[in-house]
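Structure record follows, encoded as structure tokens.
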Amino acid sequence: MAPSAAERVVIENCAIATVDAGDTEHASGYLVLAGNRIESVGAGKAPEDLQNVVRRIDATGHLATPGLVNTHHHFYQWITRGLATDHNLFNWLVALYPTWARIDEQMTYAAARGSLAMMARGGVTTAMDHHYVYPHGSGDLSGSIIRAAAETGVRFTLARGSMDRGEKDGGLPPDFAVETLEGALAATEETVKKHHDASFDAMTQVAVAPCSPFSVSTELMREGAELARRLGVRLHTHGSETVEEEKFCHELFGMGPTDYFESTGWLGEDVWMAHCVHMTDSDIAAFARTRTGVAHCPSSNARLAAGIARVPDMLRAGVPVGLGVDGTASNESGELHTELRNALLINRLGAHREAALNARQALRLGTHGGAQVLGRAEQIGSLEPGKLADLVLWKMDTLAHASIADPVTALVFGAAAPVTASFVNGRQIVENGRLLTVDEDAIAVSTRAEAQRLARITAQA
């Protein structure tokens, strides 16, 4: 808990959705932040006798929620948005890998800043990046991404990805854009040792994250899992995204993706998978039994015509599920708060129809569910005393939402709500929809310039 001498920020007169275990809500309540922790949450007015109050916020007309938690992304794709817009996953990868294989440190840094800025201004307080493209001689890509996250001020997990199956081995990426088995493992271990922080209030963590079953060798999958467990960090990869992947796994390994993951040590409470669209009942049961997490990416799944993930069935079985933007070459908006709405609406097109998800389940996916998936549910994901002060004030009294009585329904079903304030670790990083930590306009200029430079280099090649 925060010490009694900590500087306090008091937020009052707002609706509050705590997303705690009991889904506690207050029609009008308060939060007290002390240092980087939430000290108290309740209905009505804050206590009068608080010491060291440095700021009081009248949040009338707002909804306070935990900060949004993004569980799957590829930041570098910010500078390749709007390409291959009518492709399925495999054809999209074939179209874009020749471009992605030519990224460098300057491009990666600019793209990370763009991806992070777009998410942060829309209520994301914890982000992650699954970066797996490390072209030969491209510079310190992992370091540049971590630097961008620190400058933006968000809590961050780098899923240090890798690929060792290039074109000569039957993979999709060019050979100069993949690593050797030994090189990938060594670089991943170095990244963990240099950047991973295991403390309660860590701002940067690292996961071990070979890209996917069809872009890495079985040896990299198996040894990557062993490496992660030796170092005490989490594991992440893509899984069961398309029917083509299912066919690939059966042809190459003689089994489906989930059985393959289990055979290589890739099921467990320290693992989360992106997408998981094509899951059988037995697959879902295996994930529930092992507490393997899922990053649900509804907009990207729709953009690439991958299908509708069985999220209601996963939740009923006890599978931890969070939300992900996915890379912005397959979700050009790059915003997580729109995924609350899309998760609800797209899942209602599935077998459960109107009973698939409701507004509060969608909000839980984007907050507490994401915290579970990243292994940080003890620290973030709900508004409770002792947890880290990561929260968002959504403005709900404008034309877009004022006539909807229930603020959680308004947030999820309505238009994207303006963010009046976003706090990470007790520090405000957004005010009235604008970032306080970085220059959004300068980022827009630099990302456009780097996108154009990458396009020129690719065309010349």
Are [X] and [Y] packed together at the side-chain level, in the sense that at least one heavy-atom pair is separated by less than 4.5 angstrom?
| X | Y | result |
| --- | --- | --- |
| D326 | H74 | yes |
| R160 | V192 | no |
| Y76 | D129 | no |
| L116 | V154 | yes |
| L185 | T188 | no |
| T99 | T80 | yes |
| T242 | E245 | yes |
| R348 | R353 | no |

**Request:** If the plane angle is over 60° it's perpendicular, under 30° parallel, otherwise tilted; pick one for H73 and F75.
**Result:** perpendicular

**Prompt:** Are F90 and F248 close enough, and set up right, to give a ring-ring contact (aromatic ring centres under 6.0 Å, His included), and what steps lead you there?
**Reply:** CA-CA 11 Å; F90 273 30; F248 176 91; 7.0 Å; no

At what distance, to the nearest 0.5 angstrom, does [atom1] of [X] lie from [atom2] of [Y]?
| X | Y | atom1 | atom2 | answer |
| --- | --- | --- | --- | --- |
| M279 | F287 | CE | CZ | 4.0 Å |
| N347 | L357 | CG | CG | 4.5 Å |
| L141 | T108 | CG | OG1 | 4.5 Å |
| E189 | L227 | CD | CG | 5.5 Å |
| R427 | T437 | CZ | OG1 | 6.0 Å |
| D169 | M163 | CG | CE | 12.5 Å |

**Request:** Say whether T328 and N331, considering side chains only, have a donor N or O and an acceptor N or O under 3.5 Å apart.
**Result:**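 There is no such pair (donor and acceptor under 3.5 Å, judged by atom type) between the side chains of T328 and N331.
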
**Asked** Does any donor atom in the side chain of R364 or Q361 lie under 3.5 Å from an acceptor atom in the other side chain?
**Response**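 On atom types as modelled, these side chains do not qualify, holding no pair under 3.5 Å.
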
**Request:** Check W272, W266, F261 against H236 for a ring pair (Phe, Tyr, Trp, His ring centres under 6.0 Å) and give me the one that passes.
**Result:**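 Looking at W272, W266, F261, the match for H236 under the ring pair (Phe, Tyr, Trp, His ring centres under 6.0 Å) is W272.
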
**Request:** Would you sort out whether E105 and S138 count as a side-chain hydrogen bond (donor to acceptor under 3.5 Å, both in side chains), showing the intermediate values?
**Result:** CA-CA 6 Å; E105 183 176 338; S138 55; over 6 Å; no

Side chain of [X], backbone of [Y]: donor and acceptor closer than 3.5 Å?
| X | Y | result |
| --- | --- | --- |
| T85 | G82 | no |
| H368 | D20 | no |
| S330 | G327 | yes |
| N301 | C297 | yes |
| N342 | E339 | no |
| R341 | F413 | yes |
| T18 | T24 | yes |
| H296 | V277 | no |
| T237 | C211 | yes |
| D164 | S217 | yes |

Should the heavy atoms of other residues, nucleotides or ligands under 6.0 Å from [atom1] of [X] be counted, would the total exceed 12?
| X | atom1 | value |
| --- | --- | --- |
| E269 | CD | no |
| Q452 | CD | yes |
| R316 | CZ | yes |

**Message:** One pair to check against side-chain hydrogen bond (donor to acceptor under 3.5 Å, both in side chains): Y134 and S142. What are the steps and the verdict?
**Reply:** CA-CA 9 Å; Y134 289 87; S142 294; 2.7 Å; yes

Under a 4.0 Å threshold between the charged nitrogen and the carboxylate oxygen, would [Y] count as salt-bridged to [X]?
| X | Y | value |
| --- | --- | --- |
| R360 | D23 | no |
| R113 | D439 | no |
| K387 | E378 | no |
| D104 | R453 | yes |

**Message:** Both conditions, 6.0 Å and 45 degrees, for the charged tip of R81 above the ring of W78: are they met here?
**Reply:** yes

**Prompt:** Do we get R147 above Y109's six-membered ring, with its NZ or CZ under 6.0 Å from the centre and within 45° of the axis?
**Reply:**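 Output yes; distance and angle both within limits.
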
**Message:** Between Y132 and E179, is the side-chain hydrogen bond (donor to acceptor under 3.5 Å, both in side chains) condition met? List the steps.
**Reply:** CA-CA 10 Å; Y132 52 84; E179 300 171 281; over 6 Å; no

**Request:** Start with the C-alpha distance between H72 and H238, add both sets of side-chain angles, then the distance that settles side-chain hydrogen bond (donor to acceptor under 3.5 Å, both in side chains), and finish with yes or no.
**Result:** CA-CA 9 Å; H72 186 66; H238 296 88; 3.2 Å; yes

**Item:** Qualifying residue for side-chain hydrogen bond (donor to acceptor under 3.5 Å, both in side chains) with R155, from T204, T125, D201, N425
**Value:** N425

**Message:** Is there a side chain to side chain contact (heavy atoms under 4.5 Å, CB included) between F200 and L388? Walk through the geometry before answering.
**Reply:** CA-CA 9 Å; F200 185 93; L388 296 168; 3.8 Å; yes

**Asked** How far apart are the C-alpha atoms of L68 and L323, what are their side-chain angles, what is the distance that settles it, and do they pass the side chain to side chain contact (heavy atoms under 4.5 Å, CB included) test?
**Response** CA-CA 9 Å; L68 300 183; L323 291 181; over 6 Å; no

